[in-house]
Protein chains: 2
Amino acid sequence: MIIDRNSPVPQYFQLQTWLREQIEQGVFKPEDKIPTEEELVQITGLARATIRQAIGNLVNMGYLTRKRRLGTFVTRRTNLSNHRNIIGVLVPDIRSGYTPELARGVEDAAANNKLSTILCNTDDLFIKAAFHTERLIESNVCGVIFVPTAASDEKNLQIVDKFHKRDIPVVLADRVIPDTDVDYVTTDNFNGGYQLTSYLINKGHRKIGITLSTLFSTERQRYEGYRQALADAGITPESGWIKLHDGPFTEKHYQEVSKTLLSEDRKISAIFAGHDRIAYVIYSVAQKIGIKIPVDLSIVGYDDLHPTCSHLISLTTMHQPIYEMGQESLKILVSKINGDSRGLKRLELKSNLVERNSVVRLKNS
Amino acid sequence: MIIDRNSPVPQYFQLQTWLREQIEQGVFKPEDKIPTEEELVQITGLARATIRQAIGNLVNMGYLTRKRRLGTFVTRRTNLSNHRNIIGVLVPDIRSGYTPELARGVEDAAANNKLSTILCNTDDLFIKAAFHTERLIESNVCGVIFVPTAASDEKNLQIVDKFHKRDIPVVLADRVIPDTDVDYVTTDNFNGGYQLTSYLINKGHRKIGITLSTLFSTERQRYEGYRQALADAGITPESGWIKLHDGPFTEKHYQEVSKTLLSEDRKISAIFAGHDRIAYVIYSVAQKIGIKIPVDLSIVGYDDLHPTCSHLISLTTMHQPIYEMGQESLKILVSKINGDSRGLKRLELKSNLVERNSVVRLKNS
DNA sequence: TAAGTATAATTGTACATACAATTGAATCAG
DNA sequence: CTGATTCAATTGTATGTACAATTATACTTA
């Protein structure tokens, strides 16, 4: 019997489900005529209105087509092009830093899952992220990968909530929003900062400068790692070594910082740059001033941007698995899109130090 | 009276039309509650089943949302995303060369036109381009910006035709497909090659090497410019100076080329690299061998990739307005989407030589 | 043969009725 | 004040009936 009248599931829905299964299993093939409404009344014992309700839904869903006088037929292609297959990717700026690598990781994994990616640049601004958020929702994306902006955690959470209200899952990439239950994929920035600093200490450096932005969870964690490593080595950092700021990355800012760090009677022998692009600026300023790296000054970066780091300036840096980060973010997103909601999905990938030629060993200082 | 019972148009449809008009004219605003089914029975005199049919259709069409016990409400956005507002962007690899800059130019201009961009990486392979083409068509994009692949013109044209068959306009960016009527935005590569070569000649260089790939229209044109400049200066290039190949860019290949060019008893005093990334490879190989740039060897590139060129290795190169190229491509695409088909739309942007510190003046050789 | 016409099958429209399920809000109990 | 319970409004499900509209097919007529 097709219909169970004692079941709590509506009878029209039982019929609808049964019909859909027949179609999907090929019992009713494309172009086939299904039983007439009157016949289905005979078969199921339901009223014709109920039959019509079931069929009407399937017509709306694209499974069936009604033809007056002729009957109801299985639609040729089960073309449900409204089936959502686009995700949004909100990144700071596709031109800079690790973003291209991240975007490519996401895109490759997305293509494997038959998803397309809409790319949006936030320039680390809340307002742009909010703008793109509206557009992505309008475009009916089925999921979002979001690199939080330079705005407050609260603001970034607003963005996430806008998607969540529409039942659009979100995965954060690289940066996280602390003390919330938003899923993310990031790397072990604290360990990375710790390792890089320890590396410099092992090379005999004790006066180690650092400069980065406090706006981003990643850089803050690297800074924490730096402090811990110094503390564990019994070194108390002087305030002059540390140049934090609460703005986004600009070349101009770090040029100023570099001049200060490199001029102040050169108290420091090494600099930990918050990320590679900062290191580049320091590098170029040092070049202009005539400070030679690594002979006169040691420097380490963070990211390992290709090909500049590896081929041109030979920077010792912390390699982040950015491409993998993109891929893993997407995998988690897909599992959420598919309704797998078993607890939080968070991932912290391992970075590894790449030793090149920007750090010199100091003689026992 | 809302319903005309003598009209041949079904009464549920009259009600449906009336409700839709109220919504579209803002009488019922988003989030508003419309009259309950019972109230509509009173208002219209129709049976509740008929009311439900009208409402049910509007729910299916996205205008209304039913909430049990609460009533029926106007959907937040009357947008069913059938209005196509997504374009596709087919680029070689978002990670490399000028691609990020191009993508950003497209994206910014697209956002201004309320369009979203789906990004696809072809890796310069026809097969990947074809794969993404199918997906973009499925995603119902309303236009495409396409950087032709390393495949033959014929193959690239196949890609374009696939879109054109679906009435999806295409604009080529950077590279062109010669002898066809596909619109494009590119730069004056011939002039650029001519200028760069002339620049080297003016600096006293006569034995000028060149290496690039012949797969791409841009690089071929630069090569033509190079030959013309040499010819105009009365210089006949020797075969040993010229290292063309018909494969895509790989570091490995150009490392080999560099070794050859830099070893062969150093016949040449300057190298014209087909683009900046090639210049980087030559740079790094030269560094390893101990050849100093520009003292021992002059080198020019093409693209002016930021920030490496400008800050780190100080490469004299041809600056291409890549960002603008992205923007202009999109503008043309938009005009085509809007049905403006007044003739061909082609644009050749001007490049300009950026003189830095990778070329030395030779004493009268 | 060609054009018009009747027929019957099937979906389309319309109405009246009844009870179920859900849930915001009011009420009550502790 | 908090938590449980009840109430009532509204949509959801289901049935039975009736007639309309459409149209492939067969039949009729000029």
Side-chain angles (χ1 to χ4, degrees), chain A residues 1-20 22-23 28 31-76 165 167, chain B residues 1-20 22-23 28 31-76:
Chain A
M1 214 52 216
I2 298 170
I3 305 297
D4 174 6
R5 303 191 85 112
N6 295 319
S7 163
V9 17
Q11 291 160 43
Y12 83 91
F13 195 80
Q14 291 183 41
L15 175 57
Q16 180 181 323
T17 305
W18 179 79
L19 283 170
R20 213 192 56 225
Q22 303 301 302
I23 293 167
F28 296 144
E31 307 279 10
D32 272 8
K33 181 182 172 188
I34 67 166
T36 67
E37 294 176 358
E38 195 48 50
E39 281 167 345
L40 284 171
V41 169
Q42 304 298 323
I43 294 171
T44 62
L46 300 174
R48 191 174 150 226
T50 309
I51 307 278
R52 278 185 69 74
Q53 193 176 1
I55 292 179
N57 287 342
L58 290 172
V59 167
N60 265 318
M61 293 162 70
Y63 286 94
L64 296 176
T65 309
R66 289 204 249 233
K67 289 183 186 168
R68 253 189 180 162
R69 148 74 231 231
L70 297 180
T72 305
F73 299 81
V74 178
T75 308
R76 270 171 267 94
K165 268 184 198 149
D167 281 326
Chain B
M1 213 53 216
I2 300 172
I3 305 297
D4 173 8
R5 304 193 82 111
N6 295 321
S7 162
V9 17
Q11 293 160 45
Y12 83 91
F13 194 80
Q14 291 184 39
L15 175 57
Q16 179 181 326
T17 305
W18 180 77
L19 283 170
R20 212 191 56 225
Q22 302 302 301
I23 293 168
F28 297 143
E31 307 279 9
D32 271 9
K33 181 184 171 184
I34 68 167
T36 66
E37 294 176 358
E38 195 48 49
E39 282 165 347
L40 284 170
V41 168
Q42 303 298 322
I43 295 170
T44 61
L46 300 173
R48 192 175 151 226
T50 309
I51 307 280
R52 278 186 70 73
Q53 192 177 2
I55 293 179
N57 286 343
L58 290 171
V59 168
N60 263 319
M61 292 160 71
Y63 287 94
L64 296 175
T65 309
R66 283 172 163 145
K67 288 184 187 167
R68 252 190 183 161
R69 146 75 231 236
L70 297 180
T72 304
F73 300 81
V74 178
T75 308
R76 279 172 249 102

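Below, each value reflects all heavy atoms present in this structure, side chains not excepted, and no hydrogens, waters or symmetry copies. In the text below, chain A, chain B and the rest are named by the order of the sequence lines, each starting its count at 1.
The nearest whole Å value for the distance from the CD atom in B/Glu38 to the C1' atom in D/dT10 is 10 Å. Separating the CZ atom of A/Arg68 from the P atom of D/dT22 is a distance of 5 Å, rounded to the nearest angstrom. Atom NZ of A/Lys67 and atom C1' of D/dT23 are 13 Å apart (whole Å). Following rounding to the nearest Å, A/Arg5 (CZ) and D/dT13 (C1') show an atom-to-atom distance of 12 Å. We find that CZ of B/Phe13 is positioned 16 Å from C1' of D/dA21, with the value rounded to whole Å. Distance, A/Leu46 CG to D/dT17 P: 15 Å, rounded to whole Å.
Taking 4.5 Å as the limit, every side-chain heavy atom of A/Arg20 sits out of range of all side-chain heavy atoms of A/Ile23. Side-chain contact between A/Ile55 and A/Ile34 is present, with at least one heavy-atom pair separated by less than 4.5 Å.
For the contact set between residues 47-57 of chain A and DNA chain D, defined by any heavy atom under 4.0 Å, the members are A/Ala47, A/Arg48, A/Ala49, A/Thr50, A/Gln53.
The line from CZ of B/Arg5 to CG of B/Leu46 is 5.5 Å long, rounded to the nearest 0.5 Å. Note that the CG atom of A/Leu19 and the CG atom of A/Leu58 stand 6.0 Å from one another [nearest 0.5 Å].
Residue pairs meeting the salt bridge (Lys or Arg N to Asp or Glu O under 4.0 Å) criterion with at least one member in residues 55-65 of chain B: none, sequence neighbours excluded. Residue pairs meeting the salt bridge (Lys or Arg N to Asp or Glu O under 4.0 Å) criterion with at least one member in residues 47-61 of chain A, sequence neighbours excluded: A/Glu37-A/Arg48, A/Glu37-A/Arg52.
Taking 4.0 Å as the cutoff to heavy atoms of chain B, we find the contact window on DNA chain C bounded by C/dT13 to C/dG24.
In this structure A/Gln16 satisfies the side chain to side chain donor-acceptor pair (under 3.5 Å) test together with A/Asn57, sequence neighbours excluded. Residues satisfying the side-chain contact (heavy atoms from CB on, under 4.5 Å) criterion with A/Gln14, sequence neighbours excluded, are A/Ile3, A/Asp4, A/Ser7, A/Val9, A/Gln11.
OP1 or OP2 of D/dG12 has at least one side-chain nitrogen or oxygen of B/Arg66 nearer than 4.0 Å.
Comparing B/Gly71 and A/Val9 by the nucleotide of DNA chain D whose heavy atom lies nearest to each, the residue mapping closer to the 5' end is B/Gly71.
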Output, in order, the C-alpha distance, side-chain angles, deciding distance and verdict of side-chain contact (heavy atoms from CB on, under 4.5 Å) for B/Val74 and B/Leu64.
CA-CA 5 Å; B/Val74 178; B/Leu64 296 175; 4.2 Å; yes
